[in-house]
2 protein chains.
Amino acid sequence: MAGQVQRQTGVALWRQIADRIRQAISAGAYDETGMVPPETVLALQFGVNRHTVRSAIAALAQEGIVRAVQGRGTLIERKERLNFPITKRTRFTAGIGEQAREMRGLLLSYSEEKADAEVARGLKIRPGEPVVRMETVRKADGRPVSCATAWFPAGRFGGMPDAYKRTESITKAFAELGLSDYVRATTEITAVHADEADTAALELAPGAILLITKAVNTDLEGVPVQYAISRFAADRVQFTIEN
Amino acid sequence: MAGQVQRQTGVALWRQIADRIRQAISAGAYDETGMVPPETVLALQFGVNRHTVRSAIAALAQEGIVRAVQGRGTLIERKERLNFPITKRTRFTAGIGEQAREMRGLLLSYSEEKADAEVARGLKIRPGEPVVRMETVRKADGRPVSCATAWFPAGRFGGMPDAYKRTESITKAFAELGLSDYVRATTEITAVHADEADTAALELAPGAILLITKAVNTDLEGVPVQYAISRFAADRVQFTIEN
DNA sequence: TTTAAATGTCTATTGATATAGACAACTATA
DNA sequence: TATAGTTGTCTATATCAATAGACATTTAAA
């Protein structure tokens, strides 16, 4: 934990410190003890007052990452970061494999609408053609991992929302609708600060970072079957691209 | 620009709004006019005071993204976001192609050291074996895009720092050292808040987001030749994975 | 030359953020 | 059972962030 913390940036010191400690935990920096260093030590390291460190730790405790015990110290409760391989065979549920016991996809809402320019480009259809839009949130062991907005060609996959609601999986829903296999064609990745809606849906520490993917899945003939914008809690996941 | 802005998150409203406007500009939301909406309109949209919007715009002006002109409005000066395809053939310089006129890689420092566990794992060598470490910053048309820390096996690529300093390109430096071709084996992507050092090196708006890649390049026999941790200014780049 | 619309500047007030110090309460250990 | 080390709580103060209102200044168009 080398670098210092910045002042007057519009990002409160306690938030910066919380982010740094969260990352240090995730990187295994405190694995030997299973505890975060004492508040006085952290305050010295970051060059801030102990009370500022306490604010950071309170935020991490709120997230359920650490638990402060009077007289003992601050214990690390969780340190996982889910890994998502991005390949031709990218699947949310199966890709997680043994990293979580249970993966669920929940349908928040859906509607039929006309494709805008972006969706049309992704699905290789004409703007204005009908598409089914689904808003979903995906959880690993009950912990929200990502929100997604997905579009499907309405003609071929009008039954998507219903199938997804039952199966809680895109792959299984596709299978129910007669598409036994599909491949990831393209993925774009960016990062932004989370907005209010995603903060709520993902139970994020407010002000957290989202990793955004825009992905196109096609059938085996290369015809686009899904265009999706997914928003991942950046402190809970990482992506891996194997070539 | 649908979602609202969050209060009491440790991230100041003016910073959140600056991030949102920057993204809207990048997405081409204001292309028709080439201007950001008036301060009063933005204040209404975000549900904040005009002065708060002014703070956000001042930050964007500081970044050189917009220029406020009294009596006229706030003009958009820059809106680019560089795209980095991540493939077997991922190259920083060549990958940029026509998106920038000039790509340069600058060597900040280098040293020979012993591989720690992480580097050893990436390079498939034993911890403690000698490696050459290089700290670099890469610029597109003079604008910093990423900082990188790269490790190379010392025996085979001890001349890396010198070659890189002359060629300003990893690909060309490899070529000088007898490696005419190499491929990207794996890439991991995460996102964090920038620390002080990277904020300075990348000339970032303080508190900005970094996209982090951890990448392994190998020669054509699959022997690792480079392990690199690159830190990209998230508001200036996106990654694309084509499968 | 007006006038509307936009940004620029100033004052004032409130709440969040950060620092500082003192001391209480609890835990583990010598 | 002391004692050192740790987290918890309290008070006080200074600075930053955000709101509010008023008015000046500049631009472009009527």
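Sequence lines set the chain letters: A, B, ... in the order given, protein chains first and strands last, and positions in each chain run from 1. Only a predicted model underlies this, so the values are computations on that prediction, with no experimental measurement involved. All values below come from the heavy atoms of this structure, side chains included, with hydrogens, waters and symmetry mates left out.
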Asks: With a 4.5 Å limit on heavy-atom distance, are the side chains of A/Gln16 and A/Phe46 in contact?
Replies: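 The answer is no, as the side chains (C-beta and beyond) never meet within the 4.5 Å cut-off.
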Asks: Quick one: side chain to side chain donor-acceptor pair (under 3.5 Å) partners of B/Tyr227, sequence neighbours excluded?
Replies: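 B/Glu118.
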Asks: Expressed in angstrom and rounded to an integer, what is the separation of A/Ile57 atom CD1 from D/dG8 atom C1'?
Replies: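 Spelled out: CD1 on A/Ile57 to C1' on D/dG8 is 12 Å.
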Asks: Between atom CD in B/Gln70 and atom P in D/dC23, what is the gap in whole Å?
Replies: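 Nearest whole value for this atom pair: 17 Å.
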Asks: Which residue, B/Arg104, B/Lys139, B/Arg138, forms the side-chain hydrogen bond (donor to acceptor under 3.5 Å, both in side chains) with B/Glu168?
Replies: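 Option passing the side-chain hydrogen bond (donor to acceptor under 3.5 Å, both in side chains) with B/Glu168: B/Arg104.
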Asks: Under 4.0 Å: is that the gap between some side-chain N or O of B/Arg72 and OP1 or OP2 of D/dA28?
Replies: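 True: B/Arg72 side-chain N/O within range (under 4.0 Å) of D/dA28 OP1/OP2.
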Asks: Nearest to the side chain of B/Arg54, which nucleotide is it out of D/dT9, D/dT26, C/dT9?
Replies: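 Nucleotide nearest to B/Arg54's side chain: C/dT9.
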Asks: Calculate the interatomic distance between B/Gln16 atom CD and D/dC16 atom C1'; express it in whole Å.
Replies: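 Result: 16 Å.
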Asks: Tell me the interatomic distance from B/Leu42, atom CG, to D/dA18, atom C1', rounded to whole angstroms.
Replies: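 That distance rounds to 16 Å.
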Asks: What string of B, S and - do you get for nucleotides 12-21 of chain C, 5' to 3', when a contact is any protein heavy atom under 4.0 Å?
Replies: ----SSSBBB
Asks: From CG of A/Leu44 over to C1' of D/dT6, roughly how many Å is that when rounded to an integer?
Replies: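 These atoms are roughly 16 Å apart.
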Asks: Determine whether A/Thr240 and B/Thr187 make a side-chain contact, defined as any pair of heavy atoms from C-beta on separated by less than 4.5 Å.
Replies: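 The answer is no, as the side chains (C-beta and beyond) never meet within the 4.5 Å cut-off.
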Asks: What is the distance from CE of B/Met35 to P of C/dA5, rounded to the nearest Å?
Replies: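 From B/Met35 CE to C/dA5 P: 15 Å.
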Asks: Does the ring centre of A/Phe239 sit less than 6.0 Å away from the ring centre of B/Phe239?
Replies: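 No, too far apart.
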Asks: Check this for me, if you would: do B/Glu129 and B/Lys114 make a salt bridge, where the nitrogen-to-carboxylate-oxygen distance has to be below 4.0 angstrom?
Replies: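 No salt bridge links B/Glu129 with B/Lys114.
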Asks: In whole angstroms, how far is the C1' atom of D/dT26 from the CZ atom of B/Arg67?
Replies: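 In whole Å, D/dT26 C1' lies 14 Å from B/Arg67 CZ.
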